[in-house]
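The structure under discussion appears below in the form of structure tokens.
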Amino acid sequence: MFENQPKGLWALALANTGERFGYYTMLAVFLLYLQANFGFETGLASTIYSTFLMMVYFLPIIGGIAADKFGFGRMVTTGIFIMFIGYLVLSLPLGKETVAVAAMGISLILIALGTGLFKGNLQVMVGRLYDEPQYASKRDSGFSLFYMAINIGAMFAPTAAIKIMKWAQESLSVSVEDSYHFAFAVACASLIFSIAIYYAFSFTYKHVLASETKSKDDKTSAKETNELSKAETKERIICLCLVFAVVIFFWMAFHQNGLTLTWFADEFTAREATGATGMMFNVINLVWCIFMVFGICGLLTAPKGTSGKSKLINLALIVIPAAILGYTYMNSGDSTVAIDAPIFQQFNPCFVVALTPVSIALFGWLGRIGKEPKAPVKIGLGMLVAAGAYLLMTVSSLGLPATDHPNHVADVTPNLLVGTYLILTFAELLLSPIGISFVSKVAPPKYKGMIMGGWFVATALGNKLVSIPGHMWDMPLPVVWGTLMVICLLAALFIFSIIKKLNRVS
């Protein structure tokens, strides 16, 4: 799984890991911050939340156009510094009045702009690593590994946000409203880590930026422009736009994790758990589970001739975590674990990290027997799986009280949301890293930056639509979840209806 990947992949992935850790630390508590600090109603809070998400994912098209002209490396570093300023402003406790609201708005704009310059262009650089013939066949698995690495940062983010807020409240006697700013300050520190990694290991990927010198750029651009005819370029762009149309509705459904699914966790889900369920809410226990999955995949996918040492390492990755988890379970007794609503957001990145080797192993095996589906088919399957997640929520919400209330009114098992996040993660792994790989492969060379930005524009539009279920929150829950289920199902049917056209260019 990790073999035969370009070295630059790990440097770029770790740089993105730090940035994503900060972003998701901030995002884990941002919606609750809007309500706790400013007293915003759910409608206004969801509008601000979804608009910010839209900007974060819309601005990469501007960053891509700028990178096509000025260079990807330059835009990536500029983006990191702009994001740092944005998080710094957000971390300042400026109160609740007009100045604080204005400062928050400015910080969100800066974070979105910086992300727009950073995120898409870094992924184009990853794609360029696989333009070399010896790595071409590793493109999909490479992007899956890249996606897994950056989710390691997201995995620890909710715990970091909750822990530092509680520390500020207990050790510094900071109010709940002001403690949110300590979570935002974590994002500043994470960006320092990102820029350090990016520069310290630049020697592993600098060759993908070699053509950005003016003397070489003109020759390279002229050569690449002639690689495709106008008809081929048009066909590829049309196919990519059709995929983007489907992506819009996936992200609308997926990013309910920070909105309606968080509200469901806060208002309807039990706030305490015991036993194995309670153990899931300690991220360290999840890390042990991830090690076990890696060990199992390592044993099952080991090629013939694998050394005994490698087999022992994989066996240790299974036995040692299993023993630790067993010991923890036996000694937990009837101890109760408190559950905070934001902590549920740790499950998606944990599942991404755990399931990525499973996904790579499965599709690697299908590839060896000539049965691996092409990227557009995987994307369509991802939409079907997402529909399944909201089918589960729809059925499980039957009989629950209406949501037109301000208080916690039910104690649904936390396993419902954990299961929903698991299913949504299956969908994400089929759609997101595969979709990015598809774009990096199919995009006409002359427009790679802009087209990768287009992927994020589609994500941005989906994030803007995130607020629609938020405005529906006073309706019966089966209506909210059922609407998302039908949208995902229709999107899947659409992509399968044009699958031949998409497969032709993939």
Side-chain angles (χ1 to χ4, degrees), residues 57 60 120 123-124 126-127 130 138-148 150-151 235-257 348 351-352 355-356 358-360 362-364 366-367 371-391 422-444 448 451-463 465-466 484-506:
Y57 289 96
Q123 292 181 356
V124 171
V126 173
Y130 294 90
K138 295 283 187 178
R139 184 180 293 267
D140 278 4
S141 61
F143 270 99
S144 293
L145 290 171
F146 175 80
Y147 205 74
M148 179 193 76
I150 65 176
N151 271 275
E235 182 182 27
R236 289 191 178 199
I237 291 176
I238 289 173
C239 288
L240 287 165
C241 288
L242 292 173
V243 172
F244 293 164
V246 172
V247 167
I248 290 172
F249 297 105
F250 173 76
W251 292 118
M252 173 190 177
F254 181 81
H255 276 142
Q256 294 303 317
N257 57 356
N348 168 247
F351 290 147
V352 168
L355 295 176
T356 293
V358 178
S359 173
I360 292 175
L362 173 61
F363 289 120
L366 290 173
K371 300 292 185 180
E372 182 179 6
K374 290 190 174 182
V377 176
K378 294 177 184 177
I379 292 171
L381 292 173
M383 293 305 304
L384 285 177
V385 174
Y390 285 105
L391 173 62
L422 176 61
I423 299 171
L424 284 173
T425 302
F426 278 119
E428 182 186 11
L429 289 175
L430 284 166
L431 191 143
S432 189
I434 302 303
I436 296 170
S437 174
F438 178 75
V439 172
S440 74
K441 178 182 178 182
V442 175
K448 279 190 181 290
I451 295 296
M452 185 61 77
W455 168 271
F456 288 105
V457 167
T459 309
L461 294 174
N463 286 331
L465 296 180
V466 163
L484 291 165
M485 177 188 67
V486 171
I487 287 172
C488 291
L489 183 59
L490 291 176
L493 294 175
F494 170 74
I495 201 164
F496 282 120
S497 72
I498 58 171
I499 204 70
K500 290 183 180 179
K501 184 180 183 68
L502 297 177
N503 282 340
R504 190 165 58 244
V505 300
S506 63

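Values below: every heavy atom of this structure, side chains too, minus hydrogens, waters and symmetry copies. None of these values were measured; they are calculated from a predicted model.
Inter-residue side-chain proximity for L384 and L489 is flagged as met; some heavy-atom pair is nearer than 4.5 Å. Considering only heavy atoms from C-beta on, R504 stays 4.5 Å or farther from L502 through its side chain. Using a 4.5 Å heavy-atom cutoff, the side chains of F143 and K441 are not in contact. In this structure the side chain of Q123 never reaches within 4.5 angstrom of the side chain of V439, judged on heavy atoms. With a 4.5 Å cut-off on side-chain heavy atoms, L465 and F249 count as touching. For the pair Y390 and I487, the minimum side-chain heavy-atom distance is 4.5 Å or more. Looking only at side-chain heavy atoms (C-beta outward), Q256 and L424 stay at 4.5 Å or farther from each other. Side chains of N503 and V377 form a contact here, defined as non-hydrogen atoms less than 4.5 Å apart.
In plain terms, the two heavy atoms of A458 and I248 that are nearest each other are O-CG1, 3.3 Å. Taking all atoms of both residues into account, the shortest heavy-atom contact from C488 to A253 is SG-CB, 3.5 Å. Nearest heavy-atom pair across P373 and L366 is CD-CD1, 4.2 Å.
No side-chain donor-acceptor contact under 3.5 Å links R236 to the backbone of P444.
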side-chain contact (heavy atoms from CB on, under 4.5 Å) for V247 and W455? Distances and angles first, verdict last.
CA-CA 8 Å; V247 167; W455 168 271; 3.5 Å; yes
Walk me through whether L242 and F494 qualify under side-chain contact (heavy atoms from CB on, under 4.5 Å).
CA-CA 9 Å; L242 292 173; F494 170 74; 3.9 Å; yes
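Atom CG of L431 is separated from atom CH2 of W251 by 7.0 Å, given to the nearest 0.5 angstrom. Here the CD atom belonging to E372 is positioned 8.5 Å from the CG atom belonging to L362, to the nearest 0.5 angstrom. Once rounded to the nearest 0.5 Å, the distance linking CG of L240 with CZ of F438 reads 5.5 Å. Here the OG1 atom belonging to T356 is positioned 7.5 Å from the CG atom belonging to L145, to the nearest 0.5 angstrom. The distance from atom CG of N257 to atom NE2 of H255, rounded to the nearest 0.5 Å, is 5.5 Å. Here the CD1-OG distance, from I434 to S141, works out to 9.0 Å after rounding to the nearest 0.5 Å.
In the model, Y147 has a side-chain atom that pairs as donor or acceptor with a side-chain atom of S432 under 3.5 Å.
The ring-ring contact (aromatic ring centres under 6.0 Å, His included) test applied to F250 returns F254, not counting sequence neighbours.
Each of S440, S437, S144 was scored for a side chain to side chain donor-acceptor pair (under 3.5 Å) with R139, with one residue passing: S440.
The cationic atom of K378 (NZ for Lys, CZ for Arg) lies less than 6.0 Å from the six-membered ring centre of F363 and within 45° of the ring axis.
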